[in-house]
Amino acid sequence: MEFDLHLHKTLGNGNKQFVLDVRLQTQAQRIVIFGESGSGKSLSLQAIAGLIKPDHGHIRIGGRTLFDSTQACFVKPQERGFAYVAQDYALFPHLNVQQNIAFGLNKSWRNPSKEMQNDEVEQWLQRFALTDLAQQYPHQLSGGQKQRTALARALITQPKALLLDEPFAALDTGLKHRMREELAQLQSALAIPLVLISHDEQDVKQFGDTVLHLHQGSNHTP
Amino acid sequence: MEFDLHLHKTLGNGNKQFVLDVRLQTQAQRIVIFGESGSGKSLSLQAIAGLIKPDHGHIRIGGRTLFDSTQACFVKPQERGFAYVAQDYALFPHLNVQQNIAFGLNKSWRNPSKEMQNDEVEQWLQRFALTDLAQQYPHQLSGGQKQRTALARALITQPKALLLDEPFAALDTGLKHRMREELAQLQSALAIPLVLISHDEQDVKQFGDTVLHLHQGSNHTP
Amino acid sequence: GELNVSAASSLTNAFKDIAQSYQHQYPGTKLQLNFAASGALLQQLVKGAPVDVLATADQDTMDAAEKQDLILIKERKDFVRNSLVLIQPMNATIKIARLEDLQQGAVKRIAIGNPASVPVGRYAQLALQAARVLPSIEGKLINTVNVRQALDYVARDEVEAGFVYASDAALMLDKVKVAAQIKIDKTITYPVAVTKDSNNQIEAKRFAQFLASPTAQAIFRKYGFKPL
Amino acid sequence: MDIAWTALLLSLKVAGLATLINLVLGIGLGFWMARRRFWGREILDTILTLPMVMPPTVLGYYLLVLLGKKSWLGAWLYQHFGINLIFTWQAATIAAAIVALPLVIKPARAAFEGVDSQLEQVARTMGLSETAVFFRITLPLAWRGILAGVLLGFARALGEFGATLMVAGSIPGKTQTLSIAIYEAVQAGDDALANTMVLMASIVCIVILLAAGKLAPGRVAHLAPK
Amino acid sequence: MDIAWTALLLSLKVAGLATLINLVLGIGLGFWMARRRFWGREILDTILTLPMVMPPTVLGYYLLVLLGKKSWLGAWLYQHFGINLIFTWQAATIAAAIVALPLVIKPARAAFEGVDSQLEQVARTMGLSETAVFFRITLPLAWRGILAGVLLGFARALGEFGATLMVAGSIPGKTQTLSIAIYEAVQAGDDALANTMVLMASIVCIVILLAAGKLAPGRVAHLAPK
Ligand SMILES: Nc1ncnc2c1ncn2[C@@H]1O[C@H](COP(=O)(O)OP(=O)(O)OP(=O)(O)O)[C@@H](O)[C@H]1O
Ligand SMILES: Nc1ncnc2c1ncn2[C@@H]1O[C@H](COP(=O)(O)OP(=O)(O)OP(=O)(O)O)[C@@H](O)[C@H]1O
Ligand code: MOO
Ligand SMILES: [Mg+2]
Ligand SMILES: [Mg+2]
């Protein structure tokens, strides 16, 4: 089983609560999470990334157990080795584009230097048409440039899985197409699990081996 | 002439510069700005909103001069009376959804209260399916919910023009459709100028009486 | 009326008692006591503080006030005497009876008011010079900014000996013992004066005179001061 | 003990008023230095820190020079209004305010600089005046950092005694603040009284700081582990 | 003037070392209080502010009680290591550090609380250890606020004299810091010397603060008027 998920989490307090309750078992390596705004897509992805801890349930990906409430098992995000791209990019404001992209390459206590030179980073800059912007800081970027930087930063780390929250939403049609191809190639080259959140039919077509359709926090009628 | 724009602005320092140079004259009331990522769409919109001041050129909308470098005229954003929705929403983090939406209703020194009651706000909450979330803070919202809040906050002020930066990018197809209709209705009811940035063909079709097509900061070959 | 009295810190306890007796005797007067180091009192006065009566712990400070024409020379007089003593921590085993004894190796540190600014330190320095021991013990001296700091060091056993006034030693007889009375050429007297700017000179004079009264002198004795 | 209570009340009055003054001055100057770029801004910032570097007694001495009847300011005040500030609680307040001011300005400036200017811009597009933007966006978002400085300033004002002693003297019931009373008790060898008053000052301070701490919003949660 | 230079060098040594200690302690405690929720956190925060409320002289008096030969700590140090801290520049450093610590902790805590936790989360997903996240994300983003506090603390340490005087004495060339020298000059009525030294202290402080200010990144521009 590639994905074996059972996520249960209650959020919010008192007057207004949101209940996330997602179950999924599939052999597919590529999942698209689909659903209306506020249905719990981002929360599900954060749970898989280890950024939020479900109240109960389990998360098993590629046979590896990352979370299991019955065994009090919770693998920390740093040990999951997943590439996660947040919906609002979450670029590091004190680092320029190439530093952001190179961020995950070393795990030491120091950030890559401003003028760093690194072949891998160069490649990603080129692939995502960011070469000219290597020295710019996040607040000097356009929406789409931010998004591409965030994507490159996640993909460069040779992750064990890709978790992408609407990674093409801010891109124009041409770029969207190009990035989609890049992603498809990378995923099939690495043969790693991919979870993609998208509102775009095209993404569903291309990556949706399994589509997880959420509605008000759940993909099944309780 | 509804729109008469000439925006010229150089950004960045030394090694990497971005030159914005946009010219447009049109009788149309609704413009869509279209173009690849990083082509200067958001910058153009910010210039129209008065958030950045072009180095030279002029901005005339509906016969009113908002900026003219030859006359040293620059109308401040507070006096333009335009509704502006930023690409990254820019919700006020210390205010909940209904406070955010009600923000522009009074210009006093005090923010609307947390438990405020206001018919107009109620209406917009309902229209944008946010009623349940009225008491939540921005960090407790999904991407699409944030976007709708930002949109409601801008539209409620009975503006003299609408300046929207990819206002539907984070919405699912259903909502996108619904919001598009709402916007179209509002715009035609108020009969005010509308400038919309979008990558979506559908938006271009619906709102693009004139399409401003940007490429590397410019809509014309210099 | 109101009377502002600036008095040296070493007079704090005695003056508070005296003020009570005074107000008891002259109910019409309200005394406002202001305590600080004599030097600080002078600075306040120089800069125009509304002071009626000034009482310092040494003649030098009062001389300076006189030189700057701040006080009525006629109304300046000494009202009490103090004496210099050498003290040791209560349970000290080192024998010190004379200034020369400070030269022994066991005495490593001696607390003394900074002669540049603290009168008691100046007196001690005079005594050490007269006894010709100053050069040999100079390295042992710990300067303090007021007499109380010296007393405190002795009381806490941080120094082997210290120079203070008899009136200070009297405050802490449970922690320090008087090793020797130090005789010096000068007498240590406290002067009081009425200020020129006082707009209540009659009452100010009355208070200054009261300090010489038997009532006041009894209080001074209680706190370890000596009569003139 | 009566002395202690009187001194405590006076201390609260002096420190409270000084804090109020510093709240206004600190927010004003902090905001101004955060937003206006002018020649010598950093130098001004540094000069405003100088009251911290001087021993308070020395600062008090300079204040005495400035406010005393012999100075032109003091003389002017005296001639026109019959005011002599020396030996008054007002002088104590001025001293406490000056000593504590740097503690308020620096954190306030840092807090203002941390506010995302895009939010202010958006508020402007909604027709809010600069003042309204300040009170509705800038100040609330900077408030946590400002409050940290203001509380430090209050504590400092409460503890101040060097400069106060110099300009206000130590007149029981009139200018003898708790700090000065504590100092004098220690000087007079009355350790028991000193300890009691230190305890009093500490408790009062703890209570006030705890209460004031409630005025700060909690940490914005974002994605904090849920 | 020789006195002044010696005193200045000593002051710089004492204040510099105290600031270094406070940098570590302040960042550590500030971070801890910003991130761990434990019972009594706010109370601890307030108690750590108390050194500000006490007149420094009184604080020095308590320090003397704590470090002196008669205390168990002082006695233990003396018996086992032959160390007597009183009258040493190390004691002056401890005094300066304690007096300035609250100035570092509070702003540091506020700064840490202002860091967007989502950024830390994202860094964690990239496999960085907690320590690496701290040094690469949290600290750089909080740095501006921390620096404000550290600079205030340095200024305070440089100006400290009440507590220092009590525990370190005023031994020229050994424990007589510039502040103490200034104080004594004022007390001795040597205004000229005092003014010179105040000027010296001010200039040194201005230079150091200006230089240190360069360590802070500029305001993040966002949409700041371009
Ligand atoms: N901290 C929180 N407290 C309370 N409710 C929350 C919190 N965080 C998220 N929610 C709610 O959880 C729901 C799901 O949020 P989520 O971000 O997963 O939506 P989404 O499916 O990603 O939507 P979108 O497409 O708009 O991004 C939303 O209704 C949101 O309001
Ligand atoms: N402060 C700045 N300094 C330098 N360059 C900047 C700055 N702000 C924006 N730019 C550059 O200006 C260009 C246009 O930015 P803009 O945000 O207008 O793009 P956009 O058309 O909105 O793109 P997107 O669709 O990706 O949002 C980008 O290349 C960006 O890098
Ligand atoms: O009484 Mo004094 O003036 O502190 O020696
Ligand atoms: Mg989402
Ligand atoms: Mg854009």
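The figures here come from the full heavy-atom set of this structure, side chains too, leaving out hydrogens, waters and symmetry mates. Quick note on labels: first sequence line is chain A, next is B, and so on, each numbered from 1.
- Using a 4.5 Å heavy-atom threshold, the side chains of K146(B) and D88(A) count as touching.
- Between chain A and the options K176(B), Q140(B), Q87(B), the largest number of non-hydrogen pairs under 4.5 Å is found for Q87(B).
- Ranked by heavy-atom pairs shorter than 4.5 Å toward chain B, the options R148(A), Q135(A), Q147(A) are led by R148(A).
- Few gaps surround CD on E122(B); more than 12 heavy atoms of other groups in view lie less than 6.0 Å from it.
- When each of G144(A), G40(A), G174(A) is scored by its heavy-atom pairs under 4.5 Å with chain B, the top score falls to G144(A).
- The number of heavy atoms from other shown groups lying within 6.0 Å of CD (Q216(A)) does not exceed 12.
- Residue contact with chain A, scored on non-hydrogen atoms closer than 4.5 Å, involves the side chain of Q136(B) exclusively.
- Considering only heavy atoms from C-beta on, S142(A) stays 4.5 Å or farther from S42(B) through its side chain.
- With a threshold of 4.5 angstrom between heavy atoms, E166(B) approaches chain A through side-chain atoms but not through N, CA, C or O.
- Other residues, nucleotides and ligands place no more than 12 heavy atoms under 6.0 Å from the NE2 atom of H177(A).
- Contact count against chain A (heavy-atom pairs under 4.5 Å) is highest for D172(B) among T173(B), D172(B), L175(B).
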